[in-house]
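Written below as structure tokens is the structure these notes are about.
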Amino acid sequence: MSVSLRSKLVFIMVLLIILLMTVVLVFLTRGVSDFYTDEFYRRMETVFSDRDMMDALREAAGEPDAVDRMRRILDVYAGLLGIDIGTRNYYILDGVTGAFLAGSDSDAARTPAATRNVLKALTGETAFGSGAGRQYMDVAVPVAAADGRTSFVVYIYDNRQTAKNQSAEMFQLILEAVAVGFVISAAISLILSKALLQPIQGMTKAAEAMAGGDFSREIIVESNDEIGTLARTFNMMASQIESTLAELKKAERLRREFVANVSHELRTPLTGIRTYAETLAENSDIPPETASEFLRVILNESDRMANIVRDLLELSRFDAGSMELKSEKFSIERSIRDVCTAIALDARKRGLDMNIEMEEGLPTVRGDRARIEQVFMNILTNAVKYTPPGGRVDITGGGSGDSVRIRISDTGIGIPPEDMPHVFDRFYRVDKARSRESGGTGLGLSIAREIIGRHGGRIDIDSSPGEGTSVTITLPAGGDDGDDGDDGGESDERARH
Ligand code: ADP
């Protein structure tokens with residue numbers, strides 16, 4: 001491709017030079033020819049309107065040695081007439097027959113044949129007429145003696161050889177210039193095309209590498225022109241494609257992991273259900289207490305499956321962006337107190353001490369109250385679940401002007417630092433057996449983060465193994481804008497996205 005582009009460039013340059021030279025040649029040749037013609041007729045007009053010369057010629061025409069006299073006069077004016085014998089000559093012709101009598105070129109044989117101007121002059125008229133495209137220039141002036149008895153024609157004839165010679169020389173010069181121009185333009189276009197095409201060749205190589213899956217090749221750009229811009233854009237595009245591909249690969253890997261996790265999570269309770277159901281079906285002599293114990297396990301496992309499916313459905317709604325969130329103004333303090341009340345019994349059963357401490361005048365928030373309470377419930381359930389008997393769960397609330405902060409701290413088992421980055425991952429559980437045993441799906445924190453994120457807030461977790469965990473939820477304060485209050489389903493962009 002580059003070779004062909006290069007030869008195209010060279011071809012264009014050479015063609016341009018040839019075209020240019022041809023135009024110059026045509027104009028110059030025409031110019032030279034016109035100049036000679038104009039100059040000839042101007043000169044003739046000046047000389048032949050010279051009264052002294054014309055009077056002298058007329059006077060000479062009446063003398064017996066008229067031809068000699070006239071010759072002498074014309075010799076005097078030869079310089080002014082531009083007579084050079086080779087190209088331009090004067091002739092004295094007989095005024096009646098047009099026959100050659102004398103001339104600057106004394107060889108009568110070389111006298112030009114009677115031209116239109118000569119014929120005209122024989123009728124007594126001065127003939128300056130020039131015919132376009134003629135190969136010669138001529139002027140014929142009749143000269144008659146005063147008494148009218150003798151008459152002559154003074155005839156100037158120029159065969160244009162000088163103009164032709166000049167044109168030929170110019171043609172030669174221009175041909176040489178074309179040859180030199182050809183070499184120079186070929187050399188310049190080769191150098192130019194190399195400079196121009198180098199980045200394009202680089203891009204071609206990079207594009208080929210990209211087609212083969214290698215995005216690391218970067219084009220080195222030094223120029224700031226259009227090609228430089230193109231190369232830079234190309235580099236940018238390559239790095240963007242590379243990162244998009246990496247993201248896609250990561251997303252694909254996560255998707256596979258997720259599908260594997262879902263299958264695994266659903267298969268475990270299913271296996272349990274199947275085993276117990278089979279045992280019940282195949283053994284009719286199972287004691288009723290054992291049978292009802294089996295049935296309880298089956299119910300528990302199917303509840304767990306239902307929970308997993310419910311949570312998954314919820315997450316997939318968040319992923320699809322189809323989760324509708326209500327936007328209502330509500331007291332965050334009241335919500336957290338309600339959730340605490342709901343869980344207090346569980347906490348007490350586990351021998352945990354639960355304390356709530358709220359700052360005065362906590363700002364209200366705007367959002368989906370039920371969802372936020374669902375998050376609180378999940379965090380509090382975790383705190384209760386992962387704190388051994390005798391421990392504490394502290395709930396504190398505070399707020400700055402534009403945000404509200406709820407912190408739920410426990411004195412439980414904590415989370416090992418290596419697990420911390422993953423606790424928000426779907427199905428991630430530090431201790432699988434323990435979580436499953438307590439009915440956890442490993443999806444609670446993922447859902448919590450989605451919900452808080454959609455409300456424009458954030459959720460942070462802090463933990464030391466053996467000492468406890470502290471989860472902080474920060475939400476934008478949004479209820480104090482003079483709005484009417486608990487208005488239910490009014491849509492709110494900020495809450496939804
Ligand atoms: P699960 O349903 O298993 O509780 P979550 O998504 O709510 O799932 O939590 C993910 C994991 O984070 C839990 O399995 C647990 O290992 C850990 N975790 C969450 N909260 C606490 C806590 N308060 N104390 C100790 N570990 C916790």
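None of these values were measured; they are calculated from a predicted model. Just so you know, ligand 1 is whichever comes first in the structure, and atom 1 is the first atom listed for that ligand.
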So that I can tick it off, tell me whether R43 and D158 are bridged by a salt bridge, with the cut-off set at under 4.0 angstrom between side-chain N and carboxylate O.
no

Determine whether the side chain, the backbone, both or neither of F424 has a heavy atom under 4.0 Å from any heavy atom of ligand 1.
neither

Would you call G412 a ligand 1 contact, heavy-atom distance under 4.0 Å?
no

Run the side chain to side chain donor-acceptor pair (under 3.5 Å) test on Y428 and D419 for me, step by step, so that the C-alpha distance in whole Å, both residues' side-chain angles and the decisive distance to 0.1 Å come before the verdict.
CA-CA 9 Å; Y428 194 85; D419 293 296; 2.3 Å; yes

Which atoms of ligand 1 are found less than 4.0 Å from any heavy atom of R429?
3 (O), 14 (O)

Have a look at ligand 1 and work out which part of I415, if any, has a heavy atom under 4.0 Å from it: side chain, backbone, both or neither.
side chain

Any nitrogen or oxygen of Y386, main chain or side chain, under 3.5 Å from a nitrogen or oxygen of ligand 1?
yes

Heavy-atom pairs closer than 4.0 Å: do any link ligand 1 to the side chain of D410, the backbone, both, or neither?
side chain

Just list the side-chain donor-acceptor pairs under 3.5 Å for residues 353-361, sequence neighbours left out, or say none.
| residue | atom | partner | partner atom | Å |
| --- | --- | --- | --- | --- |
| N355 | ND2 | D394 | OD1 | 3.1 |
| E359 | OE1 | G399 | N | 3.3 |

List every atom of ligand 1 that sits less than 4.0 Å from any heavy atom of N378, numbering the atoms from 1 in the order shown and giving each element.
7 (O)

Charged N-O contact under 4.0 Å between R255 and E252:
yes

Heteroatom distance test (L445, ligand 1): nitrogen or oxygen, under 3.5 angstrom:
yes

Suppose I only count heavy atoms of G442 and a 4.0 Å limit; which atoms of ligand 1 are within that range?
1 (P), 2 (O), 3 (O), 6 (O), 8 (O)

Going through the checks in order, is the side chain to side chain donor-acceptor pair (under 3.5 Å) test met by R310 and N307?
CA-CA 5 Å; R310 181 204 59 210; N307 285 348; 3.3 Å; yes

So, are E314 and R371 salt-bridged, with charged N and O less than 4.0 Å apart?
yes

Salt bridge (charged side-chain N to carboxylate O under 4.0 Å, His left out), paired with E265, selected from R304, R426, R429:
R429

For atom 17 (C) of ligand 1, tell me which residue out of L443, V430, T469 has the closest non-hydrogen atom.
V430

